[in-house]
Amino acid sequence: MSEFLHALINYQFLQIALLAGILASIGCGVIGPYVVVKRITFIAGGIAHSVLGGMGVALFYGFDPLSGALVSAVLAAILIGWVRLNWRTGEDILIGALWAIGMAVGILFISRIPGYQADLISYLFGNILLVPPQELWFMAALDATLLLVVGLWHRQILAVVFDEEQALLRGLPVTFFYLLLLVLIALTVVLLIHVVGLILVLALLTLPAAIASQYVHSLIRMMLIASLLSITLTTLGLAMSYQPNLPPGPSIVLLTGLAYVLSSLFSRRRRSA
Amino acid sequence: MKEVIRIRDLSFGFGDLSVLEHIDLAVQEREFLGIVGPNAGGKSTLLKLILGLLEPARGGIEVLGKRPAAARHQIGYVPQYPGFARDFPITVRQVVELGLLGRRADRGLLGCLLPMRPNGEGRARVERALREVEIESLAARQIGCLSGGQLQRVLLARALVADPRILLLDEPTSNVDQRAENEIFDLLKTLNERMTILVVSHDIAFVSSYVNRVACINRTLLCHPTAEIDGDLIHELYGEHVSMVAHRH
């Protein structure tokens, strides 16, 4: 750990990695509780995996891959949400199709670019150590957007997440707020790509919020605790992977998974005591 | 008496399956109407049509002189099954507050996009609704910690908080014990002094002692004053022998 702290003081790439972890943690801490209480992890997974298609196309045509990720994540979110609201029976098939087709498109496009394998692995499993400094601004802007939207419309989103039928009967535009929630999830997925990669996104999006739900019983408190927990776990994962030179993304996810298992055991014991 | 709901020659089905046929019904202001009938007879479907959640295949519905979707904000609805998970992290007070959203939505789409923190008037309404259904002491509790009867009262408070002119309840006492059932219907009787109530129930004998009129639905509809309910009528409605069990509450 002391070696990590020493390196943190001396190396800019580690400072950037730490900052990227904190920025990603704020996003997943704020949006993760909605995913957990609405039980839409599978939808979030569909959005996350379809992102590779957009990244591949953007890379192939010389655009910034994160812009491609952003566009494809938002499009996937709107498509899944629309089908879920209007065509309920086909929802799971569509998510599965977007999941697979998005990845296939991404891999095909990336395979046509020389040196693609390194890029592919870092998009799939993340590499927080390779975050370019200018992307911190992009991540901060995504965080600001998430916080602003949640700050403005938390009650409306809560109404839709809690009971869609009643929200509709009270006159709320349920389609708008449901699609907005999925778009927020899409933004969070993009935020997390550098940290844990799109395959492991689900872990950071759901597990810190799930741990928080074992101890607090309000969405706002869940958001606060999930954000702090996520910051702690990404920082610890980064530190623990540094010395043995392990990939940080999977290390962060393993640590988060371990925290979830231990917390679940502790929480179950606490309830039965 | 003013008419608040008018249904004309309404038919509805799910695909080829006909659920309601040629329904005609007029509900007057401050009427307490019991909707009874066998399972799958179309009782809940009729409520959803009145709420505008389903569109009739034929015929029409007017609620307060408007189409159902336009009158929704003046209707309180208590569903048979809550549309939320019981472990959702939310308190009783927050659930009731969510029932206030319609007051802003009433101002159109822009009203729905404005931040919605309950103001002083809103908070007073929430307290009044909690008091009316006698759950003030539960206000800070999580919904997952409530009994079936307590949860029904929370759903009722959520429906009442926006001051509806019409209250629709779908089997409000299906998951509660007999004492709670009596208490809830006594409360509905009081609420009926200021609003029209339509309640779906499977217990024809029990609701008959509270409502003014019974609408018997088994795909088609027959309305009767409660005094007319007898064994022959029930036999005709259900199409088979049904025992009448006298309730002594």
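Since we're looking at a predicted model, the values are computed, not measured. By convention in this document, chain letters (A, B, ...) are assigned in the order of the sequence lines, proteins followed by strands, and residues within each chain are numbered from 1. Any value given below was found using the heavy atoms of this structure, including those in side chains, with hydrogens, waters and symmetry copies removed.
A:Trp99 and A:His49 have parallel rings, their planes meeting at less than 30° on a 0 to 90° scale where 60° marks the start of perpendicular.
Contact annotation for A:Val161: both backbone and side-chain heavy atoms come within less than 4.5 Å of a heavy atom of chain B. For a residue to count as touching a neighbouring chain, one of its non-hydrogen atoms must lie under 4.5 Å from one of that chain's; by this rule A:Arg221 does not touch chain B. Neither the backbone nor the side chain of B:Leu155 comes within contact range of chain A; no heavy atoms are under 4.5 Å apart. Heavy atoms closer than 4.5 Å to chain A are found in the side chain of B:Phe88, but not in its backbone. The part of B:Leu53 that comes within reach of chain A is its side chain, from C-beta onward, which places non-hydrogen atoms under 4.5 angstrom from that chain.
In terms of heavy-atom pairs under 4.5 angstrom with chain A, the leader among B:Gly52, B:Ala69, B:Gly144, B:Gly83 is B:Gly83.
Side chains of A:Ser267 and A:Gln214: no donor on one and acceptor on the other come within 3.5 Å. Side-chain contact, A:Tyr215 with A:Ser263: a donor N or O sits under 3.5 Å from an acceptor N or O.
No side-chain heavy atom of B:Leu46 sits less than 4.5 Å from a side-chain heavy atom of B:Phe12.
Within 6.0 Å of atom CZ in A:Arg270, more than 12 heavy atoms from other residues, nucleotides or ligands are found, so the atom counts as buried in its surroundings.
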